[in-house]
Amino acid sequence: MQERYDAVAIEGRWQERWRREGTYEIDNDDPRPPYYVLSMYPYPSGPAHMGHVRNYTFGDLLVRYRTMRGDGVLSPIGFDSFGLPAENAAIRTGQHPRTFTEDRIAELSSSLERIGAVYDMRRVIRSHDPDYIRWTQWIFVKFYEAGLAYRDSAPVNWCPGCQTVLANEQVLADGTCERSGDLVEHRELAQWFFRITAYAQRLLDDTADIDWPERVKNMQRNWIGRSVGTELTLPIADAGGQARDDVPPVEVFTTRPDTGFGITYAVLSPEHPRVDELTAPAQRAAVEDFRRSVATQSEMQRLSTDGRLDKRGVACGTSVVNPFTGRPVPVYLADYVLMTYGTGAIMGVPGEDQRDWEFAVAHDLPIVRTVQPPEGWEGEAYTGDGPSINSDWLDGLGVADAIERAADWVESTGLGRRKVNYRLRDWLLSRQRFWGCPIPMVCCDTCGYQPVPESELPILLPDDVDFLPTGRSPLNAHEGFLRTACPACGGPARRETDTMDTFVDSSWYFLRFADPANSDAPFSGEAAARWLPVDQYIGGIEHAILHLMYARFFTKALVDIGVAPAGLSEPFARLFTQGMIRLGGAKMSKSRGNLVAPEGILDRQGADALRLAHLQVKPPQDDVDWEDFGIDGCAKFLGRVWRLVTGEAHTGAPARSGDPTAADLEVDRGAHRLADRVTRDFDRWSYNTAVAACMEYTNELYRYVQAPDGPHGEVLEAALDRLLLVMAPMVPHVTAELWERRCGRHIHSEAWPAADPAKLRAERVTLVVQVNGKVRDRLEVDAAIGESEAVEQALASERVRRHLDGGSPRRVIVRPPKLVNLVV
RNA sequence: GCCCGGGUGGCGGAAUUGGAAGACGCGGAGGACUCAAAAUCCUUUGACCUCGCGGUCGUGUGGGUUCGAGUCCCACCCCGGGCACCA
């Protein structure tokens, strides 16, 4: 029993046992209450790095904790195994991405086991498995049939580094690719899209119902970007300035219809379809020059705020009519008006919009204020509240009222209608890459695009391909893959060679985990209804928009097409986003080459010490610097627990029996307080304080076993039991080993220790005595002390009397048993 | 510009309901054990004044509410993140 703590030997033995016994396998008919814990499935890039360790430690803690609480916990793991790194490696080495990927999966699996993370390994999902591809493609076809997947030609983001198009979500704010960092270009291409915009309002509204970090919900709301306004038509003016009714008017979108009397010009996006029609012959050359210069500009230049506005806009030489005043106003083109938002055209109100003000000054256009700026206003455009002016029937109204009145007028006169706009764009899912899930569509010259029939799924990637660093998917050169028959007419046809964005794979894998072996459907409604929504989802903040928005969209869409159960609306009931790990001030990542490999630590101090360090170093949601980790301190603490439990630390008198002393009872109460604290800390994701509570109690037990009169045998044993039980989810190996040595049982099959409420109340507490709010004395008193008794004892204190200066307090605030404040 | 977070010792952080600021760990100092070291165990560790008893100050800044504020209110500064010529 006195042998030293040998973490490495212990850990291997327990990991082997959990795997062999299938300890964390769970069946769909398990009688315990279902609880679904999921850590975001990893991209298999090789052995685990510290970010993985952090993610899977948090998830594993919860799996083991909820299991001890009596839940039937679903703890699955899978691999997001399609993606560019494997394909790039294939281009470099000639090795097929499948071989490469499966080797990386084996490495990652083994390192997850080495940190002690436990899963139901019967449920493993790999995105590139034919079985998973089949159902991803099946879902695509169902979406296509429901009108949720479509092909369209649109201005798209092209990453020259990745040689593929990207979704809007994959382009960073500075216009670069989130993967490669290359400057993204714009191209007009026909691509496949998912109609996520049809769900914009639901994706926005339902953020109210999910228990997610406010920060993440806020990011999603910003991304969806709802804007309430009015669509207004501006009639085209004839040579005399009168509205023409023989041609359709120009539509603009505005959030400020109240400023309509101040419209002094209108602006079209350079890409607006009616530019040619609305350009006067005299201006044609200038307009063409302008459009050409905009087309060659990068997104960066176009979005930059420098550059003079007169150079960034050009007059069309024609006019539209301001419907509020009935007077004609000139039409311009300007690069800052985007075709992808609103109607691609705006009304210019320089009095209430700073950018319009600058444009008006640059082009010598009139400025009419329609909101009275406050006294002493020296700025240019005034965007604040104030009474309407120069606005006829709106004059005197505040902005909010004027907006409503103006919108009513626009609707009643048939000039337009209220309109909600979203910033969210449809999800561009096609990628011109090989290592992804093939899009199950066939293109026939006579029938157009046709979905592959269900019976022919899955469409798999061929093995006999040559990887060339051309950026063209090798599928384009593979005749065997390319040539097929049209499902509709049977004539010759070509397969779609684009593959799906890997975010498609991760948009439904959490549903497949509920029913991973199903060969008739992606999952049964029954299995999904049992496990979904995921009770606790855990992952990195970097997925706040991308993956988490797509998965929400997929879940809602799958419900709408009758595949997922009707009651489900959100995939993840609770989300926890853990912080990133930095090294040398920069985010730890493979591309930066600043990874710290866990292997060395696992070999020396062991998985439990590493896990404990992750739990202890900082609140789990915070970013953390690797330099702050104290692995040695954690290993030292585990050694202390080991020696305490094995009796090596017991240097005081031998254990007693018989009636417990006051000190014994305090140690016993401490064990119950510990269980209570750790339970509440686990439930509120405060792992660092849970670790602190265990350390504190361990320190208390050291004093106890080293005291001259020795510990009470039964009290000590019960205290050690509780300490081990509450530590079991955090450091599963060492607690399992010590528990087995103590009683021969498996600690992870034991029940979570309940705290006896009667023992949570201390008998003696510290009464703080203040004079004028300053602490002057601390008295040990009975916890049941009454008000008058507390005041009496406070007034009896010598230290307190010194500060009362012989007088008596004017006022006494008593909060027994914690505080007496004497005010003089 | 708009919207979220955050700012506490030498360092990471704790303080759950307005009631002991600094739990726990790291780092530092001292001691025990040892021939010595490692390991281990114990004590101590916010700043300033004081031989000491003790006192004063102290949670980004300035005000306020309160018997009492890290916590609530107002104004501001700084750091991090999201959105943004979005009409």
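Numbers restart at 1 for each chain; the letters A, B, ... are given by sequence-line order, proteins then strands. Heavy atoms only: backbone and side chains are in, while hydrogens, waters and symmetry mates are out. What you see is a predicted model, and the numbers here were worked out from it, not measured in a lab.
When the nearest nucleotides of RNA chain B are assigned to A/A345 and A/E696 by heavy-atom distance, the more 5′-ward of the two goes with A/E696.
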Mind listing the side-chain donor-acceptor pairs of residues 763-770 of chain A below 3.5 Å, one per line with the distance, residues two or more places apart or on another chain?
from: A/R764; atom 1: NH2; to: A/E780; atom 2: O; distance (Å): 3.0
from: A/T766; atom 1: OG1; to: A/E780; atom 2: OE2; distance (Å): 3.0

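With a cut-off of 3.5 Å on both Watson-Crick or G-U wobble distances, the partner of B/A29 is given as B/U43. Remark: B/C51 base-pairs with no nucleotide; criterion is Watson-Crick or G-U wobble with both hydrogen-bond distances under 3.5 Å.
For the pair A/R673 and B/A23, the criterion of a side-chain N or O lying under 4.0 Å from OP1 or OP2 is not met. Side-chain N/O atoms of A/K217 include none lying less than 4.0 angstrom from OP1 or OP2 on B/G81. Listed pair A/S227 / B/A87 meets the phosphate criterion, a side-chain N or O lying under 4.0 Å from OP1 or OP2. Remark: A/R226 is not in phosphate contact with B/C86, judged by side-chain N or O atoms under 4.0 Å from OP1 or OP2. Contact annotation: A/Y702 reaches the phosphate of B/C41 (side-chain N/O to OP1 or OP2, under 4.0 Å).
Under the rule for a ring pair (Phe, Tyr, Trp, His ring centres under 6.0 Å), A/Y704 has no partner lying at least two apart in sequence or in another chain. Taking A/D623 as the reference, A/R582 meet the salt bridge (charged side-chain N to carboxylate O under 4.0 Å, His left out) condition, with sequence neighbours excluded. In this structure, the salt bridge (charged side-chain N to carboxylate O under 4.0 Å, His left out) partners of A/R673, at least two apart in sequence or on a different chain, are A/E666. Under the ring pair (Phe, Tyr, Trp, His ring centres under 6.0 Å) criterion, A/Y550 pairs with A/W427, A/F503, not counting sequence neighbours. Considering only residues two or more places apart in sequence or on other chains, A/R369 meets the salt bridge (charged side-chain N to carboxylate O under 4.0 Å, His left out) condition with none of them. Residues passing the ring pair (Phe, Tyr, Trp, His ring centres under 6.0 Å) test with A/F629, sequence neighbours excluded: A/H614, A/W626. Applying the salt bridge (charged side-chain N to carboxylate O under 4.0 Å, His left out) test to A/D258 and every residue at least two apart in sequence or in another chain returns A/R256. Under the rule for a ring pair (Phe, Tyr, Trp, His ring centres under 6.0 Å), the partners of A/W685 that lie at least two apart in sequence or sit in another chain are A/F576, A/Y687.
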Polar atom pairs (N or O), protein with nucleotides 9-12 of chain B, under 3.5 Å:
from: B/G12; atom 1: O2'; to: A/V617; atom 2: O; distance (Å): 2.8

Write down the protein N/O and nucleotide N/O pairs, taken from nucleotides 47-54 of chain B, whose separation is under 3.5 Å; answer none if there are no such pairs.
from: B/G54; atom 1: OP1; to: A/R799; atom 2: NH1; distance (Å): 3.3

I'd like a table of atom pairs between the protein and nucleotides 26-29 of chain B - only N or O on both sides, under 3.5 Å - with the distance next to each one.
none

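Annotation: B/C57 and B/C74 have their P atoms spaced 28 Å apart (nearest Å). Using C1' as the reference atom, B/U59 and B/C49 are 22 Å apart when rounded to the nearest Å. On the P atoms, B/G46 is 9 Å away from B/G22, given to the nearest whole Å. Distance check on atom P: B/C79 versus B/C73 gives 24 Å, rounded to whole Å.
Classification of A/R680 and A/D676 as a salt-bridged pair holds, one side-chain N sitting under 4.0 Å from a carboxylate O. A salt bridge is defined here as a Lys NZ or Arg NE, NH1 or NH2 lying under 4.0 Å from an Asp or Glu carboxylate O, and A/E648 with A/R4 fails to meet this definition.
Distance A/E700 CD to B/A23 C1': 14 Å, rounded to the nearest Å. Between the P atom of B/U40 and the CD atom of A/E648 lies a distance of 11 Å, rounded to the nearest Å.
Glycosidic conformation of B/G9: syn, with the torsion inside 90° of 0.
With hydrogens and angles ignored, a donor-acceptor pair under 3.5 angstrom links the side chain of A/R815 to the base of B/G19. Side-chain atoms of A/N821 and base atoms of B/C67 include a donor and an acceptor less than 3.5 Å apart.
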Pair A/I346-A/Y265, side chain to side chain contact (heavy atoms under 4.5 Å, CB included): steps then yes or no: CA-CA 9 Å; A/I346 63 163; A/Y265 64 97; 5.7 Å; no
